[in-house]
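All chains are named by letter (A, B, ...) in the order of the sequence lines, taking the proteins before the strands, and each is independently numbered beginning at 1. Hydrogens, waters and symmetry mates play no part in the numbers below; they use all other heavy atoms, side chains included.
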There are 2 protein chains.
Amino acid sequence: MVETRRRQIEDVASSLFREHGYAGTSVRDIARGLAIQGASLYAHVASKEDVLWAIVRRAADRFESAADEAQQETFGRPVGERLEALVRGHVGVLTDDVGQASVFVREWRSLSPEHRARIGARRDAYENRWRRLIAEGSEAGVFVPADPALAAAYLLTALNGIVTWYRPGGPLSPRAISAEYVNLSHRALAPGRIDD
Amino acid sequence: MVETRRRQIEDVASSLFREHGYAGTSVRDIARGLAIQGASLYAHVASKEDVLWAIVRRAADRFESAADEAQQETFGRPVGERLEALVRGHVGVLTDDVGQASVFVREWRSLSPEHRARIGARRDAYENRWRRLIAEGSEAGVFVPADPALAAAYLLTALNGIVTWYRPGGPLSPRAISAEYVNLSHRALAPGRIDD
DNA sequence: CCTACCGATCGGTAGG
DNA sequence: CCTACCGATCGGTAGG
C-alpha cells in the first residue's frame with residue numbers, strides 16, 4: 001500500500017524531527033530509519049519539506065477535531081466544564097502521538113513561507129477558541145478576569161510543554177497527566193476551590 | 001575589547017538560533033550579522049558549538065541567580081509569596097534577554113553530549129527548587145495537593161512559553177506579563193481566592 | 001580580520 | 001527502490 005509507506009515515512013520523520021529538529025535531520029537520516037537509500041525516499045515524497053508539511057497538517061487536523069468534539073460534547077454546559085473538555089482534548093492529541101504533536105508545536109517555523117502562513121492562520125483560529133472561552137468565563141464572573149490572550153498563551157504553552165518531556169510507557173500515564181493538567185488549568189483561571 | 005566582540009557574536013547568534021534553531025543557522029549566517037567573513041569568526045570562537053555553549057551557560061547563570069535572589073528575599077515568608085517571587089524572577093530573566101533565554105530553553109539539546117549532560121544537571125537542580133517549594137506548599141495545606149514534578153513541569157513550561165511569542169517593544173510590557181503570569185501560576189496551585 | 005581552500009554532507013535528479 | 005551523480009553549502013584550517 002502506498003499510503004502505508006507514506007505513513008511510515010512520516011512516523012520515522014516525526015520522531016527524528018522531534019529529537020533533532022527539522023534542520024538537524026537529513027533526508028538520509030529518515031531513509032536510514034526505513035532501511036532504504038536516501039535517494040529512494042524521493043519515490044514517495046516530493047521533498048523534505050513535503051514530509052514536514054504532511055506531518056504538521058495532520059496534527060492540525062487532529063487538534064481541530066479534538067476541539068470540535070470537546071465543544072460539541074459540552075455545548076450548553078458551564079464554562080468551567082467546557083474548558084476542562086478543551087484541555088482534555090488537547091492533552092489527548094499531545095499524548096496520542098507525541099512525535100507528530102511535537103513537530104506541530106515546535107517545527108512549523110521551518111515550513112516554506114506559504115505553508116507557514118497557512119498553518120499560522122489555523123493556529124490563530126485554534127488559539128482564538130481558547131481566548132473566546134476564557135473571555136466568556138471572565139465576563140460571566142466564573143473565571144478571574146484576565147487578559148484572554150495572555151491566559152490562553154499561558155495555558156496552551158503549559159500543555160504543549162508535554163512534548164518536551166513525555167515518553168510513552170513512562171511512569172506517568174496519559175490519563176494521570178491529563179487529570180492533573182485539567183485541574184491545574186481550571187484552577188489557574190477560576191477563583192474558588194474546584195476539587196480536592 | 002575582546003570581551004565585547006565575543007558578546008556581540010553571542011547576541012547575534014542568540015537571535016539567529018532563536019529564529020532558525022542551532023542546526024538551521026550557519027556560521028556564515030552569524031558572520032553576516034557582524035558584517036565579517038565566515039572564516040573570520042574563528043578568530044574569536046573555537047567552534048560553532050562553543051558559541052552555543054557560552055550562550056546556554058550564561059543563561060543558566062542568570063536563571064540560578066534570579067532564583068537565589070528570589071528565595072533569599074522571601075526567606076521565611078509564606079510559601080505562596082515565595083512561589084510568586086520565583087515566578088517573577090523566572091519571567092524577568094526570560095524577558096530581559098529573550099534570545100538568550102530562548103536558546104537555553106529550546107536549543108540545549110544541540111550541545112555536545114558532555115555539555116548537554118552538564119547543563120542537564122543544572123536544569124534538573126533548578127527544576128528541583130520548584131518541586132520542593134510546591135511539595136512544601138502542598139504539605140502545609142496551602143497548595144492543592146498535586147504531583148510536585150508534574151506541577152513544576154506545568155508551571156515552568158507555561159512560563160518558558162513566553163520565548164515563543166514575546167517581542168520586546170510589543171503591546172505587552174514585561175511587567176504586565178509578569179503580573180498576569182504570577183497570578184495564573186499562584187492560582188494554579190492554590191485553592192481559595194488569591195486576588196481580584 | 002581576509003583570501004583561499006579543505007573534505008564532508010546537504011537536498012535532490014537521472015535513469016534504470 | 002537502487003546506483004551514480006549533481007551543485008551548493010556546511011564547519012573549519014592555513015597562512016597571512
Practice problem: Please lay out, stage by stage, how A:Arg131 and A:Asp124 fare under the test salt bridge (charged side-chain N to carboxylate O under 4.0 Å, His left out). | Solution: CA-CA 10 Å; A:Arg131 293 180 182 188; A:Asp124 288 347; over 6 Å; no

Quiz item: Separation of B:Ile30 atom CD1 from D:dG12 atom C1', in whole Å?
Solution: 13 Å

Self-check item: Spacing of A:Arg32 atom CZ relative to D:dC2 atom P, expressed in whole Å
Solution: 13 Å

Practice problem: Whole angstrom is fine here: how far is it from CG in B:Leu41 over to C1' in D:dA14? | Solution: 17 Å

Quiz item: Does A:Tyr22 have A:Arg106 sitting over its ring (NZ/CZ under 6.0 Å from centre, angle to axis within 45°)?
Solution: no

Practice problem: Please state how far atom CG in A:Asp50 lies from atom P in C:dT13, giving the value in whole angstrom units. | Solution: 12 Å

Quiz item: Can you name the closest pair of heavy atoms from A:Pro145 and A:Ser138 and give their distance?
Solution: CA-OG, 4.0 Å

Practice problem: Just do the salt bridge (charged side-chain N to carboxylate O under 4.0 Å, His left out) check on B:Arg88 and B:Glu84 with the steps written out, would you? | Solution: CA-CA 6 Å; B:Arg88 220 183 313 274; B:Glu84 290 197 359; 3.7 Å; yes

Quiz item: 5'-most contact on DNA chain D: A:Ala43 or A:Arg28, nearest heavy atom basis?
Solution: A:Ala43

Quiz item: When the distance from CD of B:Gln37 to P of C:dC2 is rounded to whole Å, what number comes out?
Solution: 5 Å

Practice problem: Kindly say if B:Ser26 contacts the phosphate of D:dT9, meaning a side-chain N or O under 4.0 Å from OP1 or OP2. | Solution: no

Quiz prompt | B:Ala39, nearest nucleotide to its side chain (from D:dT3, C:dA4, C:dC1) | solution = C:dA4

Quiz item: B:Leu52 CG to D:dG12 P: how many Å, rounded?
Solution: 12 Å

Self-check item: Pairing partner of D:dC5 (Watson-Crick or G-U wobble, both distances under 3.5 Å)
Solution: C:dG12

Exercise. Nearest whole angstrom, please: distance from the C1' of C:dG12 to the OH of A:Tyr42.
Key: 5 Å

